[in-house]
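Quick notes on the structure that follows.
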Amino acid sequence: MTGQPWRLENGGHIDRSCSLSFAFDGKIMEGHPGDTLASALLANGTHLVGRSFKYHRPRGIFSAGVEEPNALVELRTGNRQEPNSLATTTELFDGLEASSQNRWPNLRFDFSQANGALSRFLPAGFYYKTFMWPANLWLTYEHFIRKAAGMGIASRESDPDRYESRSAHCDVLVVGGGPAGLTAAMTAAEIGERVIVLEQAPHFGGWLRREKRTIDGSPAMDWVDAVSTRLSAMADVRVLTRTSAFGYYDHNMITAVERVQDHVPKSDPFLPRQRLWSIRAKRVVLATGAVEQPIAFPENDRPGVMLAGAARTYINEYGVLPGRMAVLQTNNDNAYRSAIDLLDAGARVTAVLDVRDHVDGHLPNQVRDRGVPILQGYGVVETKGYFAIRQVLARPLVGGPVRRYDCDLLCVSGGWAPQVHLHSQSGGKVVFDAEKGCFLPSEARQNCVSIGSAAGLFTLKDCLKGANGDDVPEQAIKPTWSLPNAPGRHGKRFVDFQDDVTAEDVALAHREGYVSVEHLKRYTTLGMGTDQGKTSNVIGLAIMAKLKGQNIPAVGTTKFRPPYTAVSMGAMAGRAVGHHFQPLRRSPMDNWHHDNGCKWVDAGLWRRPHFYTRPGEDVNSAALREGRTVRAGVGIVDVSTLGKIDIQGPDAAELLNRIYVNGWKKLAVGKARYGVMLREDGMAYDDGTTSRLSENHFIMTTTTANAGPVLAKLEYYLQAVWPELRVQVACVTDQYAAIAVAGPKSRDVMQRLIDLDISNDAFPFMAAAPCCFAGIAGARLFRISFSGELAYEINVPADYGQAAWNALLETGREDGVGVYGIEAMSAFRIEKGHVAGPEINGQTTIGDLGLGGLQSEQKHNIGKSLAIREGLIDPARPAVVGLVPVDGKTWIKAGAQLVENPDAPPPVAMLGHVTSIAYSGELNHPIALALLSGGKERAGEELYAAFPLRNEAVRVRVVSPHFVDPDGERMRV
Amino acid sequence: MLKGGLYPSVRFPQMEAYELTRYSIFSLIKQGLIRHTGWKRAWRNPEPKAAYDVIIIGGGGHGLATAYYLAKLHGIHNVAVLEKGWLGGGNTGRNTTIIRSNYLLDPNAHLYEHSMKLWEGLSQDLNFNVMFSQRGVLNLCHSKAQTDAFARRGNAMRLNGIDAELLSRDEVRKRIPELDFSDQVRFPICGGLLQPRGGTARHDGVAWGFARAADQRGVDIIQNCEVTDFIIEGGRVTGVETTRGKITAGKVAMAVAGHTGVLAQKAGLTLPIESHILQAMVSEPLKPLLDTVVTFGAGHFYISQSDKGGMVFGGDIEGYNSYAQRGNLPTLEHVISAGVSMMPCLSRVRMLRSWGGTVDMTMDGSPIIGKAPIEGLFINGGWNYGGFKATPGSGWVYAHTIANDAPHPLNEAFTLERFARGRLIDERGAGANPALH
Amino acid sequence: MLLIKCPWCGERDMVEFTHGGDATKVYPKDPNATTSEEWHDFIYLRENPCGEHVEYWHHVAGCRQWLKVRRDTTTHDILTTAPADGDLDT
Amino acid sequence: MGSACVFDKPERLSALSGVIEPGTFGRKIAGGPGITLRERPNLSIIQVAAYADTAEETGAVIQDLIGVLPPPEPNRSIMVDSIQICWIAPHKWWIIETDQRHGAEFIAGHLGNGAAVTSQGHGRSCIRLSGPSARDLLPKGCTLDFHPSRFSAGHCAQTSLGHSNALINCIDDEPIFDLYVFRSYAVSFWEWIADAAGEFGYQVSSSPEHG
């Protein structure tokens with residue numbers, strides 16, 4: 001234990017009565033509740049926390065917030081390891097483990113620091129200019145480039161934590177809980193509006209936490225506590241801390257991430273780690289504050305170089321002294337507050353370097369009165385030290401002798417940049433203010449307003465309402481972005497610390513013509529780091545403007561895009577991951593299938609029984625057995641997933657006429673008919689049987705996949721195109737359980753369960769009727785056959801599905817009834833040459849599918865006119881055929897391509913492809929359906945089903961797709 | 001079917017003498033010694049001339065590649081590329097940089113494979129490292145039906161002379177153990193279709209490399225010059241009006257995918273194209289985590305890791321017409337939940353940036369490259385999701401079409417007329433619905 | 001995130017809707033008297049405006065009504081909405 | 001034949017039977033669970049779809065049969081003893097009964113061609129959500145505004161809830177919400193809502209024979 005040598009006796013919003021232990025690079029240290037990892041490290045005297053991206057230069061804690069470019073660590077370990085975590089915003093908790101990244105073997109001795117020595121050969125974009133010879137070595141070069149690049153190491157294990165998202169609505173959303181935000185929130189809340197306040201930090205107060213300021217004569221934090229306590233107590237106000245607004249989307253939708261449990265050592269399993277908020281606000285108030293900007297002077301990246309505001313934040317918020325001997329480089333009065341706070345905290349301030357030629361402000365004079373030399377018109381030209389800064393060399397900007405100042409802390413301030421990100425994301429414009437030297441929000445696109453320092457208003461007077469702060473007059477800032485090297489010197493002036501982009505890199509980009517803002521960014525990687533350039537974009541822009549001899553607005557600024565701060569993908573995904581990625585649709589008999597050894601297959605969101613296993617069986621043998629049961633006697637299959645649409649109304653038949661290619665007006669009540677519908681462009685779309693239950697009442701079936709789309713299409717045509725048709729459609733897919741009962745004995749079994757005469761005369765093929773089935777009222781019976789056998793389909797209200805299923809198994813036992821899955825069902829339909837999904841694939845016409853004859857000439861239907869285009873009636877189009885292996889035994893693979901000579905050199909002419917395959921229990925050999933150019937014309941020809949992916953080519957003979965019972969006698973008996 | 005072998009031979013003659021420094025490790029060291037003060041502009045910044053043989057509208061990858069191949073292969077040097085903003089500022093600089101030629105239908109397969117062959121020598125040809133990295137593109141499949149469909153595509157690729165491998169679940173697992181192979185998964189991985197030669201490239205570098213190489217061959221690259229109208233005389237395009245004045249030309253070629261519809265309207269053409277938003281995202285930079293480009297088969301998600309270490313990923317278009325270059329949250333949420341479901345360790349990885357690009361979606365999901373119905377006007381657009389990977393191939397065939405006033409066999413199927421004739425190139429069989437391609 | 005005003009349900013989030021495409025493309029009133037050019041135009045050609053776009057949306061997770069929407073494709077502002085067979089300008 | 005209907009009364013099984021177990025789950029909350037869930041099985045849902053020009057007479061017929069006028073304004077519901085009537089689309093309603101008192105055929109018989117009547121009782125599962133945290137649970141899967149001033153007794157809405165399409169009917173300001181989802185989604189939906197409710201602590205009460 002080190003005893004926190006840099007911790008101050010008092011001050012700060014930390015709890016000294018309690019100690020938390022944490023580890024950094026394996027070294028155990030202590031901090032207090034209220035600390036961040038960064039403040040705790042500083043309390044323990046640790047400035048050096050990381051290495052830069054490219055040159056691997058030692059880097060220290062630079063800021064005290066989300067703008068931090070250097071202090072990135074790997075937080076936690078194992079399946080919770082999080083790379084690139086900001087030490088400056090990570091709340092300390094007991095047992096926290098963190099380690100430095102992008103160094104090997106360790107932080108102090110990093111092999112890659114050699115890059116630093118080579119840095120003169122590694123300017124911006126160097127990789128575009130080399131690594132090209134020999135060409136085949138690029139992957140090797142790249143291997144090493146990749147290893148060197150990247151920052152932290154991500155876990156390769158599944159994240160054990162849970163996440164969730166939720167929506168919220170309010171009249172006023174206030175982003176930022178500083179003085180301006182709290183004031184705005186209270187103003188809105190007091191007139192009874194629904195208010196939500198978001199604060200990214202753990203506590204309200206914003207910059208007031210980091211300063212020694214008073215409001216109405218007492219410490220400013222008293223005011224903050226009073227206001228935030230009052231707000232929290234109000235009924236229609238929701239205050240969220242640890243919640244970062246990161247995105248501003250259309251129609252006043254703000255997204256934010258609440259870090260619910262990132263700060264606790266042990267998480268509650270019932271709470272999410274993080275929660276994504278989508279907040280729809282009538283009005284948005286952006287009180288997002290400002291981020292202090294540095295100045296790019298030579299060797300400005302040593303550990304111990306810190307933003308002036310950050311230095312006083314560590315003193316005032318965390319009770320930590322960031323240095324005992326400080327130098328300050330500034331261009332504004334505000335930064336002198338840091339000098340004052342350092343002096344009050346017992347540090348020495350050896351000098352203040354101010355780029356302004358005449359400094360006579362209220363704050364500077366306080367510093368001057370305390371004996372600190374203020375060097376006017378001075379700038380840093382060099383710094384000494386490697387792991388920590390030791391000395392600052394400064395000289396007059398107009399030239400002159402160099403002065404040296406020993407120090408262990410160099411505070412820098414180049415003024416403040418309002419955080420206009422969300423304003424810009426919302427479509428609002430930003431304008432550059434030359435006096436203040438920063439971009440300000442201008443006209444908004446959506447209903448939002450920026451206030452406080454986010455709007456460039458930096459005094460308490462600008463923020464408070466009905467309360468008075470202790471503002472003091474400030475002398476004007478002198479916008480300054482970079483300071484020159486001393487003559488003959490070439491110290492690196494870092495603009496983007498994380499990505500090692502220097503002022504010289506910006507100059508190179510200018511020299512080579514990459515002068516537009518976007519080119520500058522992309523060529524040098526300026527602002528592309530995890531900090532998104534919060535302390536570097538404006539400086540880079542300013543340097544480019546100077547080089548181009550233009551002003552900053554002329555060069556422009558890059559668009560701000562979400563997220564403002566990086567968001568974990570888990571939070572974006574919420575609950576919809578893994579098993580819950582998509583909902584699972586279950587049939588009414590799902591439990592039975594599950595309990596009876598079925599293997600599932602996904603069909604859209606549904607799961608369907610693929611086959612039912614018995615010991616020693618695979619899918620093929622199981623399907624064969626199930627099929628034989630049907631052919632020999634009777635079997636039942638769950639077909640509940642097929643789409644069912646209830647169609648009623650005087651114009652129902654007319655609607656069907658317009659939707660399907662075939663005619664429906666003449667269909668008799670109590671009859672079913674097979675129908676095919678086209679897509680608007682004339683391609684085959686969907687098929688199924690539709691039955692007429694009464695004059696004005698039809699029940700349509702669709703494929704499982706198209707149930708939703710077909711209903712939406714019907715609604716579209718009825719509401720938008722043919723509103724004059726009196727038809728009502730309703731989805732009843734979930735209302736009915738559907739069971740197909742197939743096999744020569746199916747009638748015997750069904751007859752015992754049903755209150756109708758279902759003899760062939762009374763209930764012939766394609767008959768349909770309402771019925772009472774196994775005591776279940778409201779059932780519907782259809783004599784349709786997908787299997788080609790004598791078959792029925794029975795629909796019962798879904799809650800009775802299991803009862804109906806049981807009744808069939810019960811009653812059919814003596815007939816040896818069996819169950820079958822869709823593998824066996826698919827084999828039946830292939831034997832019959834019935835087309836399905838693999839053939840109706842969106843690329844085929846009804847002609848291709850052998851269904852051209854269905855097209856009625858008497859009427860128009862959707863797609864009919866475009867179906868006659870040259871390309872859709874070309875005789876060379878692939879059409880459905882059957883295939884059998886010439887050797888009578890080799891399986892043909894689905895997805896094989898049909899060719900004449902598989903060994904020809906590429907490109908090999910492809911005549912078509914194998915769509916569906918099965919082993920025919922009836923014929924005792926493998927069979928297949930295919931789409932083949934020329935189609936039936938080729939019957940008898942021998943081709944190859946080529947499967948080069950497996951180096952196979954099966955010799956096949958083209959046959960009719962109707963393998964079994966081509967005339968369909970069986971289903972009509 | 002192409003006659004005389006599948007692909008025109010793609011050979012790279014030695015570069016002509018350069019007036020500018022040739023990029024190499026040696027020039028880099030030499031410049032390093034003089035602190036890189038000797039580098040010249042990558043391309044000139046000329047004032048537009050009054051007239052050119054060919055004007056190319058659009059300074060993205062396709063436009064610049066077209067200019068380059070016009071100059072290099074067809075001896076047409078008096079060419080201007082007019083860019084309304086900054087080079088590569090459209091979809092060239094906004095895509096997820098994936099390069100593949102794993103297409104089912106012959107016209108697509110041939111075009112993209114030709115492009116792939118050009119990619120394979122591009123850095124050397126341009127003397128600009130575009131970092132084309134052939135780390136493989138893997139399409140995951142999650143059902144028997146999907147496996148069959150992938151097999152159909154993979155077999156077609158092989159028969160067309162394109163590399164493809166069908167991987168089993170275990171082979172996929174061996175390659176990328178970080179994918180979700182647990183029983184907690186909604187759509188288990190059955191296997192995948194791999195194109196080993198597929199990969200990624202540095203998108204900005206492609207635009208800059210073509211720009212520099214075209215510039216060296218005399219092409220004028222003119223940024224901040226927006227075409228405001230076409231000059232059409234006697235049914236023939238003779239030039240364009242721009243924000244920097246009138247410029248006449250023998251031929252005018254559009255290469256502004258994303259805005260093809262808007263530009264074509266200025267010439268009085270209505271196209272089978274809708275503009276939609278496609279979002280992409282990148283994570284914070286990580287040490288190498290994923291070596292292959294992977295696409296999820298049970299949702300819209302594809303991912304690769306950039307050389308800088310960022311996980312680059314994207315998904316589906318927003319589904320509503322837009323030029324806003326800004327997407328919305330639901331798509332982002334779906335894309336990311338698909339990603340985390342596919343690769344659970346991504347859950348703690350942070351998304352650093354997300355952005356949107358405006359893409360041309362055609363009514364059959366395939367591009368349009370060829371002569372426009374107006375004399376002297378050429379059209380190259382409707383790239384849907386496929387624009388970046390096609391860049392060199394597109395420029396190559398487009399240059400051929402412009403130079404010869406007739407399409408090359410590689411692009412003759414990609415006409416505007418194919419829609420009326422029903423000769424669609426509908427890779428997915430989705431029909432005239434951009435949202436489904 | 002778009003907020004779409006359903007003529008019946010009021011403003012609802014886009015997640016409840018699906019986009020139904022260009023609503024200026026109207027299915028021919030007399031299909032038999034429609035030329036192949038007109039069909040081609042109807043199915044394939046799009047004005048694809050950069051600005052105001054009249055389009056269909058389907059309130060698929062809500063009242064399942066189709067609506068017409070006038071929306072700006074550059075800003076995503078929704079200007080007016082109406083029932084699918086209604087008039088956007090009244 | 002004919003004999004078929006003398007089967008013993010077949011068992012009506014809801015999609016959630018065997019899935020829902022009574023008890024108290026999730027976080028331990030002082031003052032008891034914030035959420036109470038129970039299934040309302042065996043409902044009869046009669047969908048009545050009229051046309052613009054028959055909406056009024058249809059409403060009148062329903063009023064005669066049931067004793068209350070179906071709400072003409074969108075997204076409103078009404079309750080008369082145990083019967084709920086919800087607006088689900090222009091001139092389209094759901095009549096939700098806990099017993100077969102009226103039944104689809106009966107209502108259809110009185111409406112003739114003026115409206116289409118469809119049974120949906122087996123096609124939906126209904127979960128009754130109540131408890132002090134109910135208004136905080138729903139936003140975890142839904143974009144609607146559940147503030148009491150915006151969604152109170154007599155409001156209903158169809159929306160997307162936890163990745164399922166749902167009808168939410170607020171029947172009491174206590175608050176009590178009835179959530180209707182498609183039967184095939186019911187188990188997934190239950191998994192979702194139970195998981196989302198964990199934070200508040202939730203109790204599952206056993207379902208009565210009828211909702």
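Since this is a predicted model, take the numbers as computed values, not measurements. Below, all heavy atoms of this structure are taken into account, side chains as well, without hydrogens, waters or symmetry copies.
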Quick check: closest heavy atoms across [X] and [Y], and the distance to 0.1 Å?
{"X": "A:Thr130", "Y": "B:Leu28", "result": "CG2-CD2, 4.0 Å"}
{"X": "B:Leu286", "Y": "A:Ala154", "result": "CD1-CB, 4.0 Å"}
{"X": "B:Ala420", "Y": "A:Arg869", "result": "O-CD, 3.2 Å"}
{"X": "A:Arg146", "Y": "B:Leu290", "result": "NH1-O, 4.0 Å"}
{"X": "A:Met572", "Y": "B:Met351", "result": "CE-CE, 4.3 Å"}
{"X": "B:Arg348", "Y": "A:Asn79", "result": "CD-O, 3.6 Å"}

- Item | Check against side-chain contact (heavy atoms from CB on, under 4.5 Å), B:Arg158 and A:Val908 | CA-CA 9 Å; B:Arg158 289 282 283 267; A:Val908 183; over 6 Å; no
Given a strict heavy-atom distance threshold of 4.5 Å, which part of [X] is in contact with chain B: side chain, backbone, both, or neither?
{"X": "A:Pro563", "result": "both"}
{"X": "A:Thr525", "result": "side chain"}
{"X": "A:Ser119", "result": "neither"}
{"X": "A:Met910", "result": "side chain"}
{"X": "A:Pro709", "result": "neither"}
{"X": "A:Ser516", "result": "side chain"}
{"X": "A:Leu139", "result": "side chain"}
{"X": "A:Ser826", "result": "neither"}

Which portion of [X] sits near chain A, non-hydrogen atoms under 4.5 angstrom:
{"X": "B:Met363", "result": "neither"}
{"X": "B:Ala164", "result": "both"}
{"X": "B:Ser306", "result": "backbone"}
{"X": "B:Val349", "result": "both"}
{"X": "B:Arg428", "result": "backbone"}
{"X": "B:Glu427", "result": "backbone"}
{"X": "B:Asn45", "result": "neither"}
{"X": "B:Ala338", "result": "both"}
{"X": "B:Leu424", "result": "side chain"}
{"X": "B:Gln184", "result": "both"}
{"X": "B:Pro188", "result": "side chain"}

- Query: Got a donor-acceptor contact below 3.5 angstrom from the A:Ser158 side chain to the B:Pro344 backbone?
  - Reply: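 Absent.
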- Query: Is there a donor-acceptor pair closer than 3.5 Å between any side-chain N or O of A:Arg511 and the backbone N or O of B:His36?
  - Reply: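 Checking the backbone N and O of B:His36 against the side chain of A:Arg511, a donor-acceptor pair under 3.5 Å is found.
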- Query: Taking NZ, NE, NH1 and NH2 as the nitrogens, is one of them in A:Glu512 or B:Arg41 under 4.0 Å from a carboxylate oxygen of the other?
  - Reply: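 A salt bridge is absent here (no side-chain N lies under 4.0 Å from a carboxylate O).
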- Does B:Lys144 pair with A:Glu823 as a salt bridge, N-O distance under 4.0 Å?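 No, this pair does not count.
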- Item | A:Phe581 vs B:His334, ring-ring contact (aromatic ring centres under 6.0 Å, His included): CA-CA, chis, key distance, verdict | CA-CA 9 Å; A:Phe581 167 54; B:His334 172 79; 5.8 Å; yes
- Message: Testing the 3.5 Å rule here: is there a donor-acceptor pair between the side chains of B:Ser133 and A:Glu142?
- Response: yes
- Say whether A:Tyr128 and B:Arg202, considering side chains only, have a donor N or O and an acceptor N or O under 3.5 Å apart. yes
Hey, would you say the [X] and [Y] ring centroids sit under 6.0 Å apart?
{"X": "A:Trp133", "Y": "B:Tyr23", "result": "no"}
{"X": "B:Phe187", "Y": "A:His579", "result": "no"}
{"X": "B:Phe132", "Y": "A:Trp138", "result": "no"}

- Message: I'd like to verify something: which residue of B:Gly309, B:Gly93, B:Ser27 has the highest number of heavy-atom pairs under 4.5 Å with chain A?
- Response: B:Gly93
- Task: Verify side-chain hydrogen bond (donor to acceptor under 3.5 Å, both in side chains) between A:Thr530 and B:Arg350, making sure each step is shown before the conclusion.
- Result: CA-CA 10 Å; A:Thr530 60; B:Arg350 297 190 202 87; over 6 Å; no
- Heavy-atom check, side chain of A:Gln843 versus side chain of B:Leu104, under 4.5 Å: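 In contact.
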- Item | Side chains of B:Leu329 and A:Thr255 in contact at under 4.5 Å (non-hydrogen atoms) |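 They are in side-chain contact.
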- Item | Cation-pi geometry met for B:Lys308 and A:Phe53 (6.0 Å, 45°) | yes
- Task: Check step by step if salt bridge (Lys or Arg N to Asp or Glu O under 4.0 Å) holds for A:Lys893 and B:Asp148.
- Result: CA-CA 8 Å; A:Lys893 283 203 170 81; B:Asp148 293 349; over 6 Å; no
- Query: Going from CD on B:Glu178 to CZ on A:Arg156, what distance comes out if it is rounded to the nearest 0.5 angstrom?
  - Reply: 4.5 Å
- Item | Distance in Å, B:Thr37 OG1 paired with A:Glu504 CD, rounded so as to fall on 0.5 Å steps |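 These two atoms lie 12.0 Å from each other.
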- Take B:Lys287 and A:Asn102, measure what side-chain hydrogen bond (donor to acceptor under 3.5 Å, both in side chains) needs, and give me the verdict at the end. CA-CA 8 Å; B:Lys287 291 296 178 190; A:Asn102 203 36; 2.8 Å; yes
